[in-house]
A.B. asks: 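Here's a structure for you.
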Amino acid sequence: MSAVRHRFGRYGGQYVPETLMPALAELEAAWVQARDDPAFHSELDALLADYVGRPSPLYRAPRLSEAAGHPIYLKREDLNHTGAHKINNALGQALLARRMGKRRIVAETGAGQHGVAAATACALLDLECVVYMGTEDIRRQKPNVERMGLLGARVEPVEAGARTLKEAVSAAIRDWVANVQSTHYIIGSCVGPAPYPELVRDLQRVIGDEARAQVLEHAGRLPERVIACVGGGSNAIGLFTAFVEDEAVQLVGVEAAGEGLDTPRHGAPLTEAGLPGVLHGAFTAIMQDEDGQILEAHSISAGLDYPGTGPEHAWLRDSGRARYVAVTDEQALKAFERTARLEGIIPALESAHAIAWAIDSGFSELDLICLSGRGDKDLAEALALLTPGSAI
Amino acid sequence: MASASTTTGVERIAEAFARARSDGRRAALMPYMMGGFPSVELSREIAVAYAHSGADLVELGIPFSDPLADGPVIHAAATAALRAGATVERVLELAGAIAENDVPVIVMCYSNPVLARGYERFAAALVRAGASGLIVPDLPMEEASELRSVCDRHGLALVPLVAPTTPLERLAQIGATARGFLYAVAVTGTTGERAELDPALVARAAAHASVPVALGFGIATASQASAAADAGADGVIIGSRLVRAAGEADDPVAAVSELISEYAGALRD
């Protein structure tokens with residue numbers, strides 16, 4: 001019926017107020033047109049090459065490999081302009097917004113990486129940018145808040161709930177409902193109502209397309225395991241998509257186990273595999289109570305601190321094509337420090353979850369991990385916890 | 001509740017609109033309340049006060065953790081209600097207290113609490129509670145057909161919404177699926193009081209619906225309620241102003257009763 005998938009198995013859909021439905025149809029039509037338009041791609045590809053710095057390197061990490069006892073390759077999305085994979089999606093959507101004649105952008109951010117990417121794309125394309133961010137995340141990610149301000153974006157603090165990513169998404173959607181004629185919502189992950197999950201995946205699949213070619217060239221073979229952290233899951237879906245057809249390649253999404261899956265303080269709806277439900281416009285794996293109220297997630301990493309996930313991940317899990325596991329705050333923090341000491345690379349706390357799992361999960365002939373972002377933003381938070389005598 | 005056992009929710013809603021007309025009202029008064037706010041006990045008194053002060057139908061909100069269609073007042077009330085211990089079950093008990101006064105109750109609930117129970121169980125619970133209809137603000141036409149069949153089987157009205165952004169062709173499609181009434185959203189935005197009211201959508205909606213059209217979102221004052229009736233609305237929905245009164249006033253029951261009497265007066269011929 002539609003040129004863009006609205007459902008991945010039973011997941012996905014468009015559970016939004018009626019006010020937004022025409023805007024979703026408009027977005028879908030614009031995307032269907034743009035993705036087949038060579039002019040759109042040549043502009044995006046040129047920016048990805050000359051502005052973002054793509055292709056990002058695939059790096060064989062020798063000392064991490066030694067520590068793990070098997071080869072580990074890192075897809076270096078941390079080396080992109082703005083320091084994470086988020087820019088791939090933000091630039092593509094900002095170009096799309098300009099095509100639709102929308103001059104005002106709203107975005108949400110958790111760790112601040114998507115907010116910075118959106119603010120960056122808006123500075124480049126001369127668009128107005130408003131970024132919603134929970135006040136707890138503003139506290140945790142101060143440098144990114146300052147970056148967004150310098151880039152000309154307005155950061156709107158969100159006080160509701162746990163004051164993290166879930167509430168920031170809700171606030172951005174409410175802004176969009178009120179300003180839908182002039183505004184495009186650059187959602188930061190493969191979540192939300194259709195067409196967003198597929199749109200974001202298509203803009204992020206460059207990660208996997210590059211990595212697959214690179215690993216074949218460097219190692220002469222496909223990976224045994226392809227591993228990425230999953231909050232909303234955009235870096236993971238961007239990496240996985242290129243390998244979905246390679247049946248021998250295991251796809252592993254690493255969620256936040258926070259303080260432990262046996263506590264309510266985690267962000268692992270896929271691993272927990274409870275009753276699915278609707279959050280932020282999509283039917284997907286979510287964390288909820290028996291009455292259908294959405295639960296607060298918890299993770300040391302602001303980007304994984306989310307009680308939902310992309311609907312395509314829920315489908316990949318159910319179909320058995322990908323599996324989802326979870327890593328605690330403590331394990332992630334150790335991997336954060338270890339990657340710094342062993343490789344001279346400070347990973348984002350989000351990406352450190354994927355590294356932690358790869359190191360601790362037995363032998364593999366070749367692990368390919370998405371190093372989705374760099375960890376400069378996490379220094380204050382992580383150093384406080386790593387200080388001897390502190391909680392961890 | 002005698003009528004509840006012999007008539008369907010859809011019929012009770014139709015009767016309430018007809019009765020409002022025959023009682024000399026230009027439009028039915030349809031106040032919204034947040035179930036469980038400011039507390040479960042007080043909201044029970046508020047529910048009864050709504051029925052006694054002139055409400056023709058009552059919209060009963062089930063609090064949800066992530067209400068995307070709501071502005072700050074109703075969002076905060078939902079958060080407070082959940083903190084105060086409101087559950088779907090406890091809020092549905094309020095429906096009975098209203099329906100006992102022969103005022104039909106339309107439950108407003110976001111998709112997820114409905115899905116968590118399952119459509120069938122949720123609809124059955126509404127019928128048991130004496131409710132007549134259901135509004136799901138984040139369930140657009142594309143996602144609504146299954147729930148509508150379930151509601152139809154239970155005699156419940158699944159009330160759809162149209163917005164100022166809804167194109168005409170779509171408006172006609174939605175109008176054709178409307179049960180009970182068609183909910184016209186007056187503003188491009190979330191719920192909340194507005195200084196200006198633009199009731200233009202009412203005429204467009206009425207042209208495409210065989211059921212009554214109720215206008216809501218942004219209506220806060222008696223004169224705005226009157227303007228909505230002037231524009232041809234069959235019903236006027238008032239939410240945030242009343243929820244604010246329930247939260248702010250020293251005597252919430254007296255405050256909402258006074259407001260509802262005022263609105264009822266403004267809607268009299």
Side-chain angles (χ1 to χ4, degrees), chain A residues 1-2 6-7 10 12-26 158-162 166-183 192-194 274-284 286-296 307-308, chain B residues 62-72 75-76 78-79 81-83 86-91 109-118 122 136-144 160-167 169-171 174 182-192 194 217-218:
Chain A
M1 166 199 145
S2 166
H6 285 206
R7 291 274 173 180
R10 63 179 174 140
Q14 296 178 310
Y15 298 84
V16 295
E18 169 63 20
T19 308
L20 290 180
M21 291 302 287
L24 292 176
E26 180 192 7
V158 180
E159 281 289 353
K166 170 172 82 90
E167 305 301 337
V169 175
S170 295
I173 292 175
R174 289 191 193 97
D175 180 308
W176 195 31
V177 170
N179 300 289
V180 64
Q181 275 106 348
S182 67
T183 298
L275 187 69
V278 167
L279 176 62
H280 295 140
F283 182 71
T284 186
I286 62 170
M287 294 165 60
Q288 61 178 323
D289 69 14
E290 68 283 356
D291 234 11
Q293 306 295 343
I294 310 298
L295 298 174
E296 302 292 353
Chain B
I62 292 182
F64 180 53
S65 52
D66 298 80
L68 292 183
D70 284 303
H75 184 188
T79 307
L82 291 172
R83 275 204 196 114
T87 59
V88 173
E89 202 179 320
R90 297 182 80 182
V91 170
C109 184
Y110 283 85
S111 292
N112 201 53
V114 183
L115 279 163
R117 268 192 165 59
F122 195 89
V136 185
D138 59 345
L139 196 74
M141 180 175 75
E142 285 75 0
E143 311 291 353
L161 298 95
V162 293
T165 53
T166 308
E169 192 188 338
R170 184 177 169 83
L171 201 152
I174 297 171
L182 180 59
Y183 193 137
V185 174
V187 301
T188 301
T190 51
T191 57
R194 306 289 201 283
F217 282 45

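To find a chain, count down the sequence lines: A is the first, B the second, and so on, and within it residues start at 1.
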A.B. asks: So for A:Ile286, is it side chain, backbone, both, or neither that comes closer than 4.5 Å to the heavy atoms of chain B?
C.D. replies: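 It is the side chain, since no backbone atom gets that close.
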A.B. asks: State, yes or no, whether a side-chain contact exists between B:Pro113 and A:Asp291 at a heavy-atom distance under 4.5 Å.
C.D. replies: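 No, every pair of side-chain atoms sits at 4.5 Å or beyond.
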A.B. asks: Report which part of A:Glu296 has an atom under 4.5 Å of a heavy atom belonging to chain B: side chain, backbone, both, or neither.
C.D. replies: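 Neither part.
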A.B. asks: Please check this pair: side chain of A:Gln14 against backbone of B:Glu143, looking for a donor-acceptor N/O pair closer than 3.5 Å.
C.D. replies: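 Flag not set: sc A:Gln14 to bb B:Glu143 has no pair under 3.5 Å.
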A.B. asks: So for A:Ala25, is it side chain, backbone, both, or neither that comes closer than 4.5 Å to the heavy atoms of chain B?
C.D. replies: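 For A:Ala25, no heavy atom lies under 4.5 Å from chain B.
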A.B. asks: Can you tell me which portion of A:Leu275 sits under 4.5 Å from chain B's heavy atoms? Options are side chain, backbone, both or neither.
C.D. replies: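 Only the side chain of A:Leu275 comes within 4.5 Å of chain B.
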A.B. asks: Tell me, for B:Thr188 versus chain A, whether the close heavy atoms (under 4.5 Å) come from the side chain, the backbone, both or neither.
C.D. replies: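 Contact with chain A is through both the backbone and side chain of B:Thr188.
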A.B. asks: What residue, out of B:Thr79, B:Leu82, B:Ile174, has the most heavy-atom pairs lying under 4.5 Å from chain A?
C.D. replies: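 The residue among B:Thr79, B:Leu82, B:Ile174 with the greatest pair count is B:Leu82.
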A.B. asks: Is the backbone of A:Ile294 close enough, under 3.5 Å, to the side chain of B:Ser65 for a donor and an acceptor to pair up by distance?
C.D. replies: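 Yes; at least one donor-acceptor contact below 3.5 Å.
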A.B. asks: Ring pair (Phe, Tyr, Trp, His ring centres under 6.0 Å) with A:Tyr15: which residues, sequence neighbours excluded?
C.D. replies: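 Listed in chain order: nothing, the list is empty.
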A.B. asks: If we only count heavy atoms from C-beta on, is the A:Glu18 to B:Thr165 side-chain gap below 4.5 Å?
C.D. replies: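 The answer is no; the side chains never approach within 4.5 Å.
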A.B. asks: So, for A:Ala160 and B:His75, which heavy atoms are closest and what is the spacing to 0.1 Å?
C.D. replies: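 Looking at all heavy atoms of both residues, the shortest contact is CB-CE1, 3.7 Å.
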A.B. asks: Which residues pass the side chain to side chain donor-acceptor pair (under 3.5 Å) test with A:Asp175, sequence neighbours left out?
C.D. replies: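 Partners of A:Asp175 under the side chain to side chain donor-acceptor pair (under 3.5 Å) test: A:Arg104, A:Tyr132, A:Asn179.
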A.B. asks: What part of A:Gln288 gets closer than 4.5 Å to chain B, counting heavy atoms only: side chain, backbone, both or neither?
C.D. replies: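 It is the side chain, since no backbone atom gets that close.
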A.B. asks: More than 12 non-hydrogen atoms from neighbouring residues, nucleotides or ligands closer than 6.0 Å to CD on B:Glu89, yes or no?
C.D. replies: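 At most 12 heavy atoms, drawn from other residues, nucleotides or ligands, come within 6.0 Å of this atom.
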A.B. asks: List the atom of A:Gly292, the atom of B:Asn112, and the distance in Å for their closest heavy-atom pair.
C.D. replies: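 Shortest heavy-atom separation between A:Gly292 and B:Asn112 comes out as O-ND2, 2.8 Å.
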A.B. asks: Given the options A:Gly161, A:Ala171, A:Ser170, which has more heavy-atom pairs under 4.5 Å with chain B than any of the others?
C.D. replies: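 Most pairs with chain B among the choices: A:Ser170.
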A.B. asks: I need the residue from B:Val187, B:Leu161, B:Asp66 with the largest number of non-hydrogen atom pairs under 4.5 Å to chain A.
C.D. replies: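 If we count pairs closer than 4.5 Å to chain A, B:Asp66 comes out on top.
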A.B. asks: Taking the side chain as every heavy atom from C-beta outward, state whether A:Met21 and B:Glu142 have any atom pair closer than 4.5 Å.
C.D. replies: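 They are in side-chain contact.
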A.B. asks: Taking the side chain as every heavy atom from C-beta outward, state whether A:Arg174 and B:Pro67 have any atom pair closer than 4.5 Å.
C.D. replies: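 Side chain of A:Arg174 against side chain of B:Pro67, heavy atoms only: contact under 4.5 Å found.
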A.B. asks: Under a 4.5 Å heavy-atom cutoff, which of B:Ala76, B:Pro72, B:Pro140 has the most pairs with chain A?
C.D. replies: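 If we count pairs closer than 4.5 Å to chain A, B:Pro140 comes out on top.
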A.B. asks: Is B:Ile62 close to chain A through its backbone or its side chain, or both, or neither, when contacts mean heavy atoms under 4.5 Å?
C.D. replies: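 Answer is neither: B:Ile62 stays 4.5 Å or more from chain A.
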A.B. asks: Return yes if some donor-acceptor pair links the side-chain N/O of A:Gln293 with the main-chain N/O of B:Thr87 below 3.5 Å, else return no.
C.D. replies: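 Not at all, since once roles are kept as given, no pair shorter than 3.5 Å links the two residues.
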